[in-house]
Amino acid sequence: MALFGKYEVLLAPMAGVSDVAFRTLCLEQGADLAFTEMVSAKGLSYANEKTRHLLALAAGERSVGVQLFGHEPDTMASQAAWVEDELGEALAYLDINMGCPARKIVSKGDGSALMKAPDVAAHIVRAVKAAVSHPVTCKFRRGWDEGEETAPEFARRMEDAGADAVCVHGRYAAQLYRGSAEWGAIARVREAVSIPVVGNGDIRSGADAARMRAATGCDAVMVARGAEGNPWLFSQVKAALAGEAEPACPDVAARLSMARRHAALLACREGRNIVRMRKHAMWYVAGLPGAAAARGKINYCTTLEDFGRVFDELEQIASEHAL
C-alpha cells in the first residue's frame with residue numbers, strides 16, 4: 001500500500017502519446033506519476049537507440065514509471081535490470097505489460113496474449129523480481145475472450161509470483177476499446193488479492209475517478225485516453241479524490257494555449273519536424289468552432305509555425321463567435 005499512498009493518480013503508458021512533452025503537461029496538472037511509452041524489452045536488448053530514446057526524462061521529472069513488454073522471461077529480466085541501472089533513483093517502479101490488445105503486440109505473444117499463458121506470465125514476474133530491487137507490477141485486462149473473466153485468478157497468480165501490485169483495465173482483450181470498462185472486474189480483483197490494485201478504464205472526469213474508487217476499493221487510478229488533449233483531467237481527478245470541487249473545464253483560449261505549449265515542448269525535444277503533434281492537435285481542437293476545417297490543415301502541419309497558424313485561426317474564429 002505504501003507504493004500507492006505516494007502515487008494515487010497515474011498517467012498510463014501509451015504508445016506514441018506519453019512522451020516527454022505530454023508527461024510534462026500531465027505532471028504539471030497534478031499526475032502523481034507518469035509512465036513512459038511502453039518499451040520493448042527485445043528492442044532494448046538490441047541496444048536500439050529508438051527504443052532507448054523512450055526512456056528519456058522530462059526536465060524536472062524526478063521519478064517515472066517504465067512499462068516493458070515482451071514474452072521471454074530472460075530478456076525481460078535482463079532489460080529490466082538495464083533500465084534500473086540506467087534510471088537509478090528516477091525509476092519509481094517497473095510494470096509488465098500484460099494488457100495491450102493490439103494485434104501487432106499479441107501476435108508475438110506479448111501484451112494481453114500473456115493472459116492466455118499464465119504460467120509464462122508468472123515466470124516473467126519471478127524473473128524480473130529476481131533481477132531488480134525496485135517494485136514490479138503488472139497491468140492486464142478483465143480477460144482474453146469476451147464473457148470469460150479471468151482477471152481475479154490471474155491476479156492471484158501474479159501475486160504468488162511476487163508482483164508488488166496489479167493494474168486492471170475493465171475490458172476484455174477481445175473488446176479492444178469497444179464498449180465500456182466493467183469496473184466490477186476491478187473490485188473482484190481487489191477482493192482476490194492482498195497487494196495494491198490500480199483501476200483503469202473510462203476515467204474521463206474527476207467524478208469518474210471518485211466513482212471508480214468508491215465502487216472498487218482500488219488503491220490508485222490510472223488515466224489513459226481521457227487525458228489525450230486534456231491534461232487538465234489530472235487536476236480534476238485530484239480534486240475529486242480529495243473531496244473538493246473540480247476545477248472548471250478549460251475555455252478555448254486555455255485549450256489553444258496548452259496546445260501551443262505542447263507543440264513548443266515537442267519542438268525543443270525533436271527539432272523542426274514535429275509531425276507527431278498532429279494527433280495531439282486534433283485532440284486539443286475537437287469540438288471547437290472551426291475544428292472541422294482545422295483538422296484538414298493539421299494533417300499537413302510539420303513545424304511549430306505550421307501548428308501556430310492553425311491555432312491562430314481557431315482563436316480568431318472563437319473571438320468572432322464571442323461577439
Asks: Treating R178 as the side-chain partner and A174 as the backbone partner, does any N or O pair qualify as donor plus acceptor under 3.5 Å?
Replies: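 Yes; at least one donor-acceptor contact below 3.5 Å.
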Asks: Write down the atom of L304, the atom of R260, and the distance for their closest heavy-atom approach.
Replies: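 Smallest interatomic distance, heavy atoms only, reads CD1-O, 4.5 Å.
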Asks: Measure the CG-SG distance between D110 and C100 for me, rounded to the nearest 0.5 Å.
Replies: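 It comes to 9.0 Å.
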Asks: Contact between S180 and D202 at the side-chain level, heavy atoms closer than 4.5 Å - yes or no?
Replies: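 Yes. Closest side-chain heavy atoms under 4.5 Å.
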Asks: If only side-chain N and O atoms count, and only distance matters, is there a donor-acceptor pair under 3.5 Å linking K139 with N200?
Replies: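 Yes, K139 and N200 have a side-chain donor paired with an acceptor closer than 3.5 Å.
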Asks: Would you say the side chain of V64 lies within less than 4.5 Å of the side chain of L57, judging by non-hydrogen atoms?
Replies: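 They are in contact (side-chain heavy atoms under 4.5 Å apart), so the answer is yes.
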Asks: Should Y284 and H262 be marked as a ring-ring contact (aromatic ring centres under 6.0 Å, His included) after you check the CA-CA gap, both sets of side-chain angles, and the distance that decides it?
Replies: CA-CA 10 Å; Y284 282 115; H262 195 152; 5.6 Å; yes
Asks: To the nearest 0.5 Å, how far apart are NZ in K42 and OG1 in T75?
Replies: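 Between atom NZ of K42 and atom OG1 of T75 there are 4.5 Å.
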Asks: Write down the atom of V221, the atom of C218, and the distance for their closest heavy-atom approach.
Replies: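 In this case the closest contact between V221 and C218 is CG1-SG, 4.0 Å.
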Asks: If you draw a 6.0 Å radius around NZ in K279, do more than 12 non-hydrogen atoms from other residues or ligands fall strictly inside?
Replies: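 Yes, NZ of K279 has more than 12 neighbouring heavy atoms, counting only those of other groups under 6.0 Å.
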Asks: Side-chain contact test, heavy atoms from C-beta onward, threshold under 4.5 Å: evaluate it for R142 versus R188 and give yes or no.
Replies: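 The answer is yes; the side chains approach within 4.5 Å.
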Asks: Just checking, is any N or O donor in the side chain of Q236 or S205 under 3.5 Å from an acceptor N or O on the other one?
Replies: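 No, S205 and Q236 have no side-chain donor paired with an acceptor closer than 3.5 Å.
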Asks: Starting at CG of D306, measure out to CE of M277 and round the result to the nearest 0.5 Å.
Replies: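 Interatomic distance, D306 CG to M277 CE, rounded to 0.5 Å: 12.0 Å.
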Asks: Would a 4.5 Å heavy-atom cut-off, applied to side chains only, mark Y172 and W144 as touching?
Replies: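 A side-chain contact is absent here, since even the closest heavy-atom pair is not under 4.5 Å.
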Asks: Whether the side chain of D32 engages the backbone of V9 through a donor-acceptor N/O pair (distance < 3.5 Å, no angle test) should be reported.
Replies: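 Checking the backbone N and O of V9 against the side chain of D32, a donor-acceptor pair under 3.5 Å is found.
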Asks: What closest approach, in Å, do F22 and D19 show between heavy atoms, and which atom pair accounts for it?
Replies: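 The answer is N-OD1, 3.0 Å.
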Asks: Taking the ring of Y93 and the ring of F35, is the distance between their centroids below 6.0 Å?
Replies: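 Yes, the ring centres sit under 6.0 Å apart.
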Asks: Is the backbone N or O of C138 less than 3.5 Å from a side-chain atom of D95, with the two atoms forming a donor-acceptor pair by type?
Replies: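 Yes; at least one donor-acceptor contact below 3.5 Å.
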Asks: Is any side-chain heavy atom of T137 closer than 4.5 Å to a side-chain heavy atom of L94?
Replies: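 The answer is no, as the side chains (C-beta and beyond) never meet within the 4.5 Å cut-off.
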Asks: Do the side chains of M258 and Q29 get nearer than 4.5 Å, heavy atoms only?
Replies: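 Yes, close enough: below the 4.5 Å cut-off.
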Asks: Within the distance-only criterion (no hydrogens, no angle test), does the side chain of S257 pair as donor or acceptor with the backbone N or O of A253 below 3.5 angstrom?
Replies: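 No, the answer is negative, given that no donor and acceptor are paired below the 3.5 Å cut-off.
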Asks: Is there a side-chain contact between H280 and E228 in this structure, where contact means two heavy atoms from C-beta onward sitting under 4.5 Å apart?
Replies: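 No, every pair of side-chain atoms sits at 4.5 Å or beyond.
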Asks: Nearest 0.5 Å please: distance from the CG atom of D208 over to the CH2 atom of W183.
Replies: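 That separation rounds to 5.0 Å.
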Asks: Are L11 and F234 packed together at the side-chain level, in the sense that at least one heavy-atom pair is separated by less than 4.5 angstrom?
Replies: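 Yes; the side chains approach each other to less than 4.5 Å.
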Asks: Taking only Lys NZ, Arg NE, NH1 and NH2, and the carboxylate oxygens of Asp or Glu, determine whether R157 and D160 approach each other closer than 4.0 Å.
Replies: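 Here R157 does not pair with D160 in a salt bridge, since their nearest N and O are not under 4.0 Å apart.
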Asks: State plainly whether the residues K108 and E72 are in salt-bridge range, i.e. N to O under 4.0 Å.
Replies: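 Answer for the salt bridge query: no.
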Asks: Check L265 against A21 and note the closest heavy-atom contact, atom names and distance.
Replies: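 Shortest heavy-atom separation between L265 and A21 comes out as CB-CB, 3.8 Å.
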Asks: Is E146 paired with R171 through a side-chain N to carboxylate O contact shorter than 4.0 Å?
Replies: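 No salt bridge links R171 with E146.
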Asks: Kindly determine whether E61 and T24 satisfy side chain to side chain donor-acceptor pair (under 3.5 Å), including the steps that lead there.
Replies: CA-CA 8 Å; E61 192 170 24; T24 296; over 6 Å; no
Asks: Answer yes or no: is there an ion pair linking R156 with E153, defined by an N-O contact shorter than 4.0 Å?
Replies: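 Judged by the 4.0 Å cut-off on N to carboxylate O distance, R156 and E153 do form a salt bridge.
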Asks: Are a donor atom and an acceptor atom from the side chains of E159 and S194 found within less than 3.5 Å of each other?
Replies: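 Per modelled atom types, E159 and S194 side chains form a pair under 3.5 Å.
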Asks: Looking only at atom types and distance, does a side-chain atom of R141 sit under 3.5 Å from a main-chain N or O of L176, one as donor and one as acceptor?
Replies: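 Side chain of R141 to backbone of L176, a donor-acceptor pair under 3.5 Å: yes, one is there.
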Asks: Which heavy atom in R190 sits nearest to a heavy atom in T216, and how many Å separate them?
Replies: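 Looks like CG-O, 3.4 Å.
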Asks: What is the minimum heavy-atom distance between A122 and A161, and which atoms define it?
Replies: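 For A122 versus A161, the nearest heavy atoms are O-CB, 3.6 Å.
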Asks: Taking CZ in R62 as the centre, count heavy atoms belonging to other residues, nucleotides or ligands within less than 6.0 Å. Is the count above 12?
Replies: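 Open.
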